[in-house]
Amino acid sequence: MATCIWRRLLLQPVKCRLACQRVKSIYNGTHGFDENEIKEKLRHFPGGSIDLSKGNDGIGVLTLNNPVHKNAFTGTMMIELQDRVKELEDWTEGRGLVVRGAKNTFCSGSDLNTVKAMCSSEEGMKMCMFMQNTLTRLKRLPLISVALVQGKALGGAAELTTACDFRLMTPGSEICFVQKHMGLVPGWGGGARLVQIVGGQQSLKLLSGALRMDPVKALNAGLIDDILPPDEDRALEEAQHWLSQYTKAPAEVIRSLKKVVIAGRELPLEEALKSEKDIFGTLWGGPANLQALARGAKHK
Ligand SMILES: CC[C@H](C(=O)O)C(=O)SCCNC(=O)CCNC(=O)[C@H](O)C(C)(C)COP(=O)(O)OP(=O)(O)OC[C@H]1O[C@@H](n2cnc3c(N)ncnc32)[C@H](O)[C@@H]1OP(=O)(O)O
């Protein structure tokens, strides 16, 4: 049943909105998770914003914007992140996304004032479930996402970078899972995603050592995909240029490629193969395919 819904999610994102809602997120009412209740709490911690611009070229830019507090996530920013991710789910022309912080820094994790005010285990778990849902949906977007890390990405922000398909850093920047120093473990899904990205051994080192990963160390560990040139003011442009090597194709092709990868990453092999066949079927004989055949494309 679950995999059947999955296949519908991959193929008919609009028609199965309600079923998709259940599958895109990890937690819902059946897990005793009341989203409205936690949103109501988070609304008491305002400040900053999450801004989204959607380019005509199909490339979006999502900006964490709270520079007076190093772009720390306030309660309302957590809610806005969910809203922007929902907007991206509905953006059928989208092919790529850059996730970055305002004013040449990335993000210093959760806003410590919010964290201090929600210090019961129960509240912490609800916030964690809310953020896991949002970041899982971000990772499952049918477009290719890249985190542009300028400055520091600490704690929850390091976790956010793992919810993107790729990570880029500028010289002088740093990713650090500081959770150990806070008496915590990652809770926004960043632990599980980190293991998928760099493997169990490296993850254990990064988390238990709270290692400060500069761009070279991060690249060597397989945590990031590239280091950008040292011109901070052109970093966004450079990240968009870097991303373009993976997004140059009609939207339906890029989006289908990402869906194939999501299925391969998340489903048992036989189900992933069936999904791949179904997704393939949506493109075979379609406009991009027919145009390529008419061009007589050669791949020298
Ligand atoms: C552990 C996981 C957890 C989760 O939710 O799962 C978290 O993510 S908890 C948050 C973990 N992050 C931190 O603990 C960051 C603490 N801050 C710092 O280490 C520094 O502020 C740093 C390195 C980000 C920046 O240092 P710098 O010297 O360049 O600047 P300031 O320290 O003067 O910071 C400027 C201004 O921003 C405020 N600030 C920074 N980070 C946060 C934050 N996470 N929450 C709230 N406010 C933050 C800082 O207090 C300064 O404010 P000011 O009023 O000017 O004193």
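Only heavy atoms go into these numbers, but all of them, side chains included; no hydrogens, no water, no symmetry mates. Read the numbers this way: they start at 1 and go in the same order the structure lists the ligands and their atoms.
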query = Taking atom types as modelled, is there a side-chain donor on Asn65 or Thr63 under 3.5 Å from an acceptor on the other?
reply =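 Note: Asn65 and Thr63 side chains miss the donor-acceptor criterion.
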
Open item on the list: Pairing donors with acceptors under 3.5 angstrom, does anything connect the side chains of Ser145 and Asp165?
Closed with: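 The criterion, which ignores hydrogens and geometry beyond distance, is satisfied for Asp165 and Ser145.
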
Closest to [atom] among [options] (heavy-atom distance):
| atom | options | result |
| --- | --- | --- |
| atom 35 (C) of ligand 1 | Met131, Lys70, Glu174 | Lys70 |
| atom 10 (C) of ligand 1 | Gly187, Gly155, Ser110, Cys107 | Ser110 |
| atom 16 (C) of ligand 1 | Thr105, Leu112, Asp111, Val68 | Leu112 |
| atom 8 (O) of ligand 1 | Ala210, Ala158, Gly156, Ala153 | Gly156 |

For [atom], what's the nearest protein heavy-atom neighbour? Residue, atom name and distance, please.
| atom | result |
| --- | --- |
| atom 18 (C) of ligand 1 | Leu154 CD1, 4.5 Å |
| atom 12 (N) of ligand 1 | Ser108 O, 2.8 Å |
| atom 39 (N) of ligand 1 | His69 O, 3.9 Å |

salt_bridge([X], [Y]) N-O dist < 4.0 Å:
| X | Y | result |
| --- | --- | --- |
| Glu93 | Lys54 | no |
| Arg140 | Glu266 | yes |
| Lys126 | Glu123 | no |
| Glu89 | Lys86 | no |

Margin query: For the NE2 atom on His241, are there more than 12 heavy atoms of other groups (residues, nucleotides or ligands in this structure) within a distance under 6.0 Å?
Written below: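 Not buried by this count: 12 neighbours or fewer within 6.0 Å.
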
>> Please check if the number of heavy atoms outside Gln201 that lie under 6.0 Å from its CD is greater than 12.
In response: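 It does not: Gln201 CD has 12 such atoms or fewer within range.
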
Give a yes or no on whether [atom] lies under 4.0 Å from any heavy atom of the protein.
| atom | value |
| --- | --- |
| atom 55 (O) of ligand 1 | no |
| atom 2 (C) of ligand 1 | yes |
| atom 33 (O) of ligand 1 | no |
| atom 21 (O) of ligand 1 | no |
| atom 5 (O) of ligand 1 | yes |
| atom 50 (O) of ligand 1 | no |
| atom 37 (O) of ligand 1 | yes |
| atom 30 (O) of ligand 1 | yes |

Enter the distance from [X]:[atom1] to [Y]:[atom2] here, rounded to the nearest 0.5 Å.
| X | Y | atom1 | atom2 | value |
| --- | --- | --- | --- | --- |
| Arg95 | Arg255 | CZ | CZ | 10.5 Å |
| Lys41 | Asn36 | NZ | CG | 12.5 Å |
| Leu97 | Ile59 | CG | CD1 | 8.5 Å |

I need the contact type for Trp188 against ligand 1. Using non-hydrogen atoms and a strict under-4.0 Å cut-off, is it side chain, backbone, both or neither?
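Just the side chain.
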
Quiz item: How does Gln179 reach ligand 1, if at all, at less than 4.0 Å between non-hydrogen atoms: by side chain, backbone, both, or neither?
Solution: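 Gln179 to ligand 1: contacts from backbone and side chain alike.
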
Margin query: Are Tyr27 and Phe130, when compared by the centres of their aromatic rings, separated by less than 6.0 Å?
Written below: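 When the ring centroids of Tyr27 and Phe130 are compared, they turn out to be at least 6.0 Å apart.
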
Problem - Gly109 neighbourhood, listing ligand 1 atoms whose heavy-atom distance to it stays under 4.0 Å - result: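 Counting from 1, the qualifying ligand atoms are 8 (O).
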
task: Can you sort out which atoms of ligand 1 are near Lys152, meaning under 4.0 Å from one of its heavy atoms?
output: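 Within the 4.0 Å cut-off of Lys152, ligand 1 contributes 23 (C).
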
